[in-house]
Each structure stands twice: as structure tokens, then as C-alpha cells.
K.L.:
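Structure incoming, see below.
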Amino acid sequence: MTLKLNAKHVIDEIPFLDLKSQQNKIITQINKSIKRVLDHGKYIMGPEVFELEEKLASYSNVKNVITCSSGTDALMMVLMAKQIGPGDAIFLPSFTYTATPEVVAILGATPIFVDVLFDTYNIDAKSLLKSIGIAKEHGLKPKAIIAVDLFGQPSDYNALEKIADENKLWILADAAQSYGAEFFKKKVGKLAHATATSFFPAKPLGCYGDGGAIFTDNDELADTLRSIRVHGKGEHKYDNVRIGLNARLDTIQAAILLEKIKIFDNELKVRQNVADYYNKMLKNIVQVPFVIKNAKSAWAQYTIQLPDKSFRETLMSELKKVGIPSMIYYQKPLHLQTAYKQFPKSNSLTVSEEISEKVLSLPINLKHSSYITQKFCEIFKKIFEN
Ligand SMILES: Cc1ncc(COP(=O)(O)O)c(C=O)c1O
């Protein structure tokens, strides 16, 4: 669609996520890769699945990678492998996507919502400590922390590890948005007891359907996860040693990811360049993203904070008029969602509540970065002055 802005300025509507341009760069290789799968016909657990697991393990420097059907299943499989169930408390941020607490609730355990930090949007260690006490008051057994690396930035795993060790908890990293990111020069996948990521198309490393993976250095956990992925198999598929799932990654999706991983580092660089440019152009008027020392974000989203909700609404609609889409991740923290009202409210979750009214994510778009920031500044000033 082409928008006419004025006589001089005509621009194509900017996609929030430009997957088409990325696809155009590698379409020949992708077609060849898919054709290879069609030729050998091993659509389920074909050789590309294992090749991809090896590539991902070497990329993240971890011993085991278990690919699976989605980021949600990756989270759930780890909880299943650790036998999480009724009576167990799992600590996770309220400001995240519903998949994070959903898997906990499906297994009959209790998600305990923890507040996040105002600047990084990741779990707040102080709020976590309070939540552990509250879980015990409710007669629950504190078992694990699910740390979400929101918008692509790793959580502060050093701070979390300390609390985990002191309270005999283990950490599952929800890295659905942060694959490719780093913390103290270690890649995501290596930062927690187990890490779950998503290959949903919009993620930093996305396939062309649903997909996910789990990373762990623990061989025993990895074996259990491989069993859970195929209906709790033992020696073979028809030897059922535990309750499992059908949670395999399709061979075709693995074949696509094998091509996409070749350009992944370059894609991350482009995202970083766009984020640097946006920071430079916008830092004087809005709160731009804050990345902690020794961390590198995968920039799944570029998220700013605005003065308030009504300012955000006006800005979004004015941006839309000039062809710039924007998104709100997330409009409501999860402890306020109907689905989660039944769970004990841990402590004050005011930061999650406040930022859900202020955040706005802008398209990470190299081609239009100058147009986006220029129009953003013009519109922002106009609204501010009114
Ligand atoms: C933080 C977080 N966790 C988990 C998921 C679930 O991933 P998937 O959509 O692959 O199931 C997502 C997906 O958006 C996510 O953003």
C-alpha cells in the first residue's frame, strides 16, 4: 500500500517487521534447502533437525540443544522434566508474554508474579526476594525462577544466580526474545540451568512457522527432554517411560533455520546499528532502551517510554497517518489478566503496571530509520506543545 503524505513525499507503508526483505536475500538457498527435505522425505526428525541442533550448540557453546515445536513447548518441557506440579511456586515477571506463566499453570503449579525494573523491563531481584517469602506464607514450595529476557536483553543472571543459590532454586531462562544476545561475553543459551527460545517468525532467529529449542549443559536433563519431545519415549518411540508430548520441530523448519543462521550475526549487527541510531536521534525526547553493562541485546524490539497512556494513543495514531506502525508490548501486566487473577498476588507490582501504560515499540527498520526518527521527533514535539 502506498500512502500519499503530501505532494512531495510519497512513501510505501513501512512494515513493523520486514521479513520479506530478509527472505529476498536468501530465497534461492531456502528453496534449495526445502527441496532437499522434499527429496529425502524425512519430514519428521530428519537429518536437518540434528544438523541444526549441532549448529545451535556450537553457536551458544552449550553441550545440548533440543529443538522442539515452539517456545511455549520449550518452557513447558523443561518444567515437565523437572517434575514441576501442584504445590510448587515458580517465580516470573508480570511484565511478559502469557506463555511464560501459562505453562506453569497448565502443570498445576503456581506462578508467582514478580515486578520488573523500570529501565530494563527484566525481573527485579528485590521484588523476587519478597515473592519467595510470600510463596512460603501461602504454603508453596519455591522451586524455580523463569527469567524473561524481555525485548532481547538478557536478565541480570549474576544477581539472579545469587538469589537462586541462596534459596535452592534453579533458573530457566525464557529467551524467546533474546537468542543471539550476550551477557559477560557468554551467549544466551549458556546463562542459566536451562534456556528456552522461540523460532516464531518475528523472533530474532525465526523460521517460517512455529519452532523452538532448549539449551542446557546438563546431560541428564537433555536426555529427559529428548524423551519428553517424543511422547516420553524410552529406547524407542513405542517404549513409553514417562508422560510426554508431541513437540518435535519439523524438518522443513530446521532446513529453513539452517539457512537463516548463516546470516544471523549480520542480522544482529543491523539491528544493533538501527538501535544505536534510534538512541542517538530520540534520547533527548523520550526514555530510550537501557542495556546493562556487559550485556548485548538481540533487539527483538526497540521499546521507548512515553509520558502517559493518552500521549501514547495520540502518538500512535499520528505515526500511523505518516505510514509508521508501532506496537504495544504489553498493554496489561499478567497479574491483572483474568486468566491469572486466581493466583496469589505476591507484592507490589507497580512498575509493571506503570510501564504497561507508557511503553511503545517502534519498527526496527534500517531502510526507513531516518524517516521514522525524523517524523517521530516532529510529531512528538507537536503533541508535547499542545
Ligand atoms: C517472552 C516469551 N516467552 C514465550 C513465548 C512463546 O513462544 P512461541 O510463540 O514460540 O510459543 C514468547 C512468544 O512470543 C515470548 O515472547
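All ligand and atom numbering here is 1-based and tracks the order in the structure. As the structure is a prediction and not an experimental result, all values here were calculated from the model. Atoms considered below: every heavy atom in the structure, side chains included; atoms not considered: hydrogens, waters and symmetry mates.
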K.L.:
Please could you name the atoms of ligand 1 that Ser198 approaches to less than 4.0 Å, counting only its heavy atoms?
P.N.:
7 (O), 8 (P), 10 (O)
K.L.:
Which of these, Gly211, Gly71, Ser178, has its nearest heavy atom closest to atom 7 (O) of ligand 1?
P.N.:
Gly71
K.L.:
Aromatic contact between Phe380 and Phe311, with the criterion being ring centroids under 6.0 Å apart: yes or no?
P.N.:
yes
K.L.:
Between Val148 and ligand 1, which part of the residue brings a heavy atom under 4.0 Å of the ligand: side chain, backbone, both or neither?
P.N.:
side chain
K.L.:
Do Phe215 and Tyr179 have their ring centres less than 6.0 Å from each other?
P.N.:
yes
K.L.:
Looking only at protein heavy atoms, identify the closest one to atom 13 (C) of ligand 1 and say how far it is in Å.
P.N.:
Lys203 NZ, 3.1 Å
K.L.:
Which of the atoms in ligand 1, numbered in the order shown and given with their element, are less than 4.0 Å from a heavy-atom of Ala176?
P.N.:
2 (C), 3 (N), 4 (C), 5 (C), 12 (C), 15 (C)
K.L.:
Quick check: does Tyr97 get an N/O under 3.5 Å from an N/O on ligand 1?
P.N.:
no
K.L.:
With distance as the sole criterion, is a donor-acceptor pair present between the side chains of Gln22 and Glu267 under 3.5 Å?
P.N.:
yes
K.L.:
Quick check on contacts: which atoms of ligand 1 are under 4.0 angstrom from a heavy atom of Thr72?
P.N.:
6 (C), 7 (O), 8 (P), 11 (O)
K.L.:
So, is the end of the Lys143 side chain (NZ or CZ) under 6.0 Å from the ring centre of Trp170 and within 45° of the ring's axis?
P.N.:
no
K.L.:
Out of all atoms in ligand 1, which are within 4.0 Å of some heavy atom of Ala99? Include the element for each.
P.N.:
4 (C), 5 (C), 6 (C)
K.L.:
Counting heavy atoms only, which part of Thr96 comes closer than 4.0 Å to ligand 1: side chain, backbone, both or neither?
P.N.:
side chain
K.L.:
Centroid separation under 6.0 Å, is that true for the rings of Phe264 and Tyr59?
P.N.:
yes
K.L.:
Tell me which one of Arg226, Arg229, Arg248 satisfies salt bridge (charged side-chain N to carboxylate O under 4.0 Å, His left out) with Glu53.
P.N.:
Arg229
K.L.:
So, Lys382 and Glu378, do they make that salt bridge, N to O below 4.0 Å?
P.N.:
no
K.L.:
Give a yes/no verdict on whether any heavy atom in Asp210 is under 4.0 Å from an atom of ligand 1.
P.N.:
no
